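Scroll down for the structure; my scribbles are underneath it.
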Amino acid sequence: MKGNYVYPASDRIWHWIHAISISLLVLTAIPLHFPSLRFIPLKTAVQVHTFFGLLVSFDFLLYLLNMFFYGSIKNYLPRKTDGKEAILMVRYYLWGIFRGQEEPFHPRPGRRLNALQKPAYFVVMFVLVPLQIATGILIWRAVQFQNLVNSLGGIKTLSEFHILNAYLLAAFLLFHIYLGTTGKTFWYFFKVMITGYAEED
Ligand code: HEM
Ligand code: HEM
């Protein structure tokens with residue numbers, strides 16, 4: 001026994017496909033958005049961006065399947081202790097973390113997310129990611145979806161929304177990776193997400 005098995009393979013697979021794809025989507029968005037930062041040819045940037053955009057759209061379906069058919073959604077459900085736990089976590093993130101205090105929350109199967117992670121991940125996965133996928137697909141196939149695109153304010157409005165949402169996702173990614181380094185050791189949370197096992201309390 002290597003500890004608590006908190007991330008089954010299906011969770012780890014959708015997660016790492018998301019991680020690689022969205023990192024590459026953010027990277028390829030730089031030459032698309034900033035003409036002075038064309039570190040790769042525009043055509044390549046568009047092709048790679050569209051490829052990983054479609055891959056992440058497919059992976060999002062795996063995420064939903066995993067949430068609702070394999071029961072991962074139970075990790076996101078509210079608990080009676082959430083209010084108290086949220087206060088402890090805010091205190092930890094603002095203060096304890098810089099003083100080497102032990103994290104107040106320990107992941108267990110069925111309750112692997114703390115009271116702050118639950119709403120944060122929920123907003124990212126059920127609001128930001130689907131909106132980015134929807135606007136991306138409409139920009140990609142604007143001719144085929146002409147009526148829908150026009151009824152949503154036209155391609156310019158959709159692109160502006162896609163860009164604004166891209167900043168939110170890029171900010172999440174940076175903060176998410178930073179928090180990933182704040183476990184018992186620098187690599188601890190990354191190891192949990194790779195092997196699926198969290199240490200016993
Ligand atoms: C290189 C990029 C990434 C790294 C290194 C990374 C790392 C991690 C780690 C270590 C965890 C487990 C610890 C925790 O629960 O907080 C985790 C969980 C999670 N990550 Fe990432 N991540 C990356 C990108 C992403 C992206 C792009 C998304 C979505 C937009 C994402 C969404 C999530 C979600 C939703 C969870 C919680 C899963 C659950 O318990 O259901 N991650 N990530
Ligand atoms: C999830 C992370 C994503 C990020 C951070 C992102 C970011 C961006 C940004 C910043 C632009 C440049 C817009 C401009 O300045 O004109 C762009 C363009 C675009 N994105 Fe995304 N995007 C993402 C996902 C997607 C997805 C899922 C698709 C779906 C296929 C997609 C398709 C497109 C298309 C077709 C363009 C226009 C490319 C062109 O100029 O021809 N994106 N994206």
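Just so you know, residue 1 is the first one in the sequence shown, and it goes up from there. Atoms within each ligand, like the ligands themselves, are counted from 1 in listed order. Fair warning: this is a prediction, and the values are worked out from it, not measured in the lab.
- Protein heavy atom at the shortest distance from atom 16 (O) of ligand 2 is Ile163 CD1, 4.2 Å.
- Annotation for ligand 1: atoms under 4.0 Å from non-hydrogen atoms of Arg112 are 39 (C), 40 (O), 41 (O).
- Using a 4.0 Å cut-off to heavy atoms of Gln117, the atoms of ligand 1 that qualify are 14 (C), 15 (O), 16 (O).
- Heavy-atom contacts of Phe172 reach the following atoms of ligand 1: 28 (C), 29 (C), 30 (C), 31 (C) (cutoff under 4.0 Å).
- Dense packing is recorded around CZ of Arg79, with more than 12 heavy atoms of other residues, nucleotides or ligands lying under 6.0 Å away.
- In this structure, Val129 counts as a contact residue of ligand 1, since one of its heavy atoms falls inside 4.0 Å of the ligand.
- The protein heavy-atom contact nearest to atom 39 (C) of ligand 2 is Val46 CG2, 4.0 Å.
- Ring orientation note: the planes of His162 and His49 are nearly perpendicular, at an angle over 60° on the 30°/60° scale.
- Excluding waters, the set of protein N/O/S atoms under 2.8 Å from atom 21 (Fe) of ligand 2 reads His49 NE2, His162 NE2.
- Here atom 25 (C) of ligand 1 lies nearest to His176 when heavy atoms of Lys118, His176, His18, Lys191 are compared.
- Under a 4.0 angstrom heavy-atom cut-off, Leu113 registers as being in contact with ligand 1.
- Remark: ligand 1 atoms within the under-4.0 Å shell around heavy atoms of Trp14 are 34 (C), 35 (C).
- Atoms of ligand 1 lying under 4.0 Å from at least one heavy atom of Phe189, given by number and element, are 10 (C).
- When each atom of ligand 1 is checked for a heavy atom of Met125 under 4.0 Å away, the hits are 29 (C), 35 (C).
- The protein non-hydrogen atom at the shortest distance from atom 15 (O) of ligand 2 is His33 ND1, 2.6 Å.
- Residue contact check: Leu173 has heavy atoms under 4.0 Å from atoms 2 (C), 24 (C), 27 (C) of ligand 1.
- Taking 4.0 Å as the cut-off, Asp11 does not count as a neighbour of ligand 1 on heavy-atom distance.
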